[in-house]
Amino acid sequence: MKKIQIINGPNLNLLGTREPGIYGSSSFDEYLPTLRAKFPDVEIDYYQSNIEGELVNKLQEVGFEVDGIVLNAGAYTHTSIALQDCIRSLKSPVVEVHISNVHKREAFRRHSMISCACVGVIAGFGLDSYRLAVEALVNA
């Protein structure tokens, strides 16, 4: 059985209430059972933190044992060399995910500090971006 870790960064704990026109009206906790049902042979664990160092700690904790990591680093995507360095040090492949199409939004969101360390990037498909990332990791 493959094991995938999903890690969400800052403000993603507010999915469902935060800017529903951009991020949708479902919380991640509401979406997670649907995602797990689509991959019954995959163990999918979930973690969220608003704190950069805690994201680094979690990546280091799981990044040598899981089959893949789905990372939505939120705003840290655009600023965090610490996350980039961490991702580069891991054995597990990391897919960068965004719910919105960041390339259709503000200019600062079009640059990712972590993309260069990830195996791929999926953006703009709403919460379904997570399914696409899991599918890519499972089929790798």
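When a residue number appears, it is its place in the shown sequence, counting from 1.
- Considering only heavy atoms from C-beta on, L55 comes within 4.5 Å of P10 through its side chain.
- At least one donor-acceptor pair closer than 3.5 Å links the side chain of Y31 to the backbone N or O of L127.
- Counting heavy atoms from C-beta outward, S129 and I99 have side chains that stay 4.5 Å or more apart.
- Residue L90 is not grouped with residue I4 when hydrophobic side chains (ILVMFWY) are merged at heavy-atom distances under 4.5 angstrom, including chains of intermediate members.
- Relative to the six-membered ring of Y47, K58 meets both conditions, a distance below 6.0 Å and an angle of at most 45° to the axis.
- Checked against the 6.0 Å centroid threshold, Y130 and F28 count as a close aromatic pair.
- In terms of heavy atoms, R36 sits closest to I44 at NH2-O, 2.8 Å.
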task: Applying side chain to side chain contact (heavy atoms under 4.5 Å, CB included), run through M113 and I81 and close with a yes or a no.
output: CA-CA 6 Å; M113 298 301 291; I81 299 297; 2.9 Å; yes
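- Looking at K3 and D45, a side-chain N of the basic residue comes within less than 4.0 Å of a carboxylate O on the acidic one, giving a salt bridge.
- Side-chain heavy atoms closer than 4.5 Å link hydrophobic residues (I, L, V, M, F, W, Y) into clusters, and following such links, possibly through other members, connects V66 to V56.
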| message | What verdict does the side chain to side chain contact (heavy atoms under 4.5 Å, CB included) test give for V134 and L137, after you've listed the backbone C-alpha separation in whole Å, the side-chain angles of each residue and the deciding distance to 0.1 Å? | response | CA-CA 5 Å; V134 171; L137 290 167; 5.8 Å; no
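- Neither V121 nor L12 shares a network with the other; the hydrophobic side chains, linked directly or stepwise wherever heavy atoms of I, L, V, M, F, W or Y lie under 4.5 Å apart, form separate groups for each.
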- Check the pair Y46 / D29 against side chain to side chain contact (heavy atoms under 4.5 Å, CB included), numbers first and verdict last. CA-CA 9 Å; Y46 174 60; D29 287 333; 3.9 Å; yes
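- When all heavy atoms of A117 and I87 are compared, the closest pair comes out as O-CG2, 3.2 Å.
- We find the OG-CZ distance between S100 and F125 to be 12.0 Å, quoted to the nearest 0.5 Å.
- Side-chain contact between E96 and T77 is present, with heavy atoms from C-beta onward closer than 4.5 Å.
- L15 and V97 fall within a single hydrophobic cluster, where Ile, Leu, Val, Met, Phe, Trp and Tyr side chains are chained together by heavy-atom contacts under 4.5 Å.
- Under 3.5 Å, the side chains of E65 and S92 contain no donor-acceptor pair of N or O atoms.
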- Task: Please test Q60 against C86 for side chain to side chain contact (heavy atoms under 4.5 Å, CB included), starting from the C-alpha separation and ending with a verdict.
- Result: CA-CA 7 Å; Q60 289 179 1; C86 179; 3.7 Å; yes
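- Residues P40 and A37 approach most closely at CD-O, 3.5 Å, considering heavy atoms.
- The hydrophobic clustering, which links ILVMFWY residues whose side-chain heavy atoms are closer than 4.5 Å, places V119 and V138 together.
- Interatomic distance, CD of Q5 versus CG of D67, reported as 12.0 Å (0.5 Å rounding).
- Looking only at side-chain heavy atoms (C-beta outward), I69 and P93 stay at 4.5 Å or farther from each other.
- Looking at N50 and Q48, their side chains do bring a donor and an acceptor atom within 3.5 Å of each other.
- The shortest distance between side-chain heavy atoms of I7 and L59 falls below 4.5 Å.
- The shortest distance between side-chain heavy atoms of H98 and N72 falls below 4.5 Å.
- The residues R131 and D128 are annotated as salt-bridged, a charged nitrogen and a carboxylate oxygen being separated by less than 4.0 angstrom.
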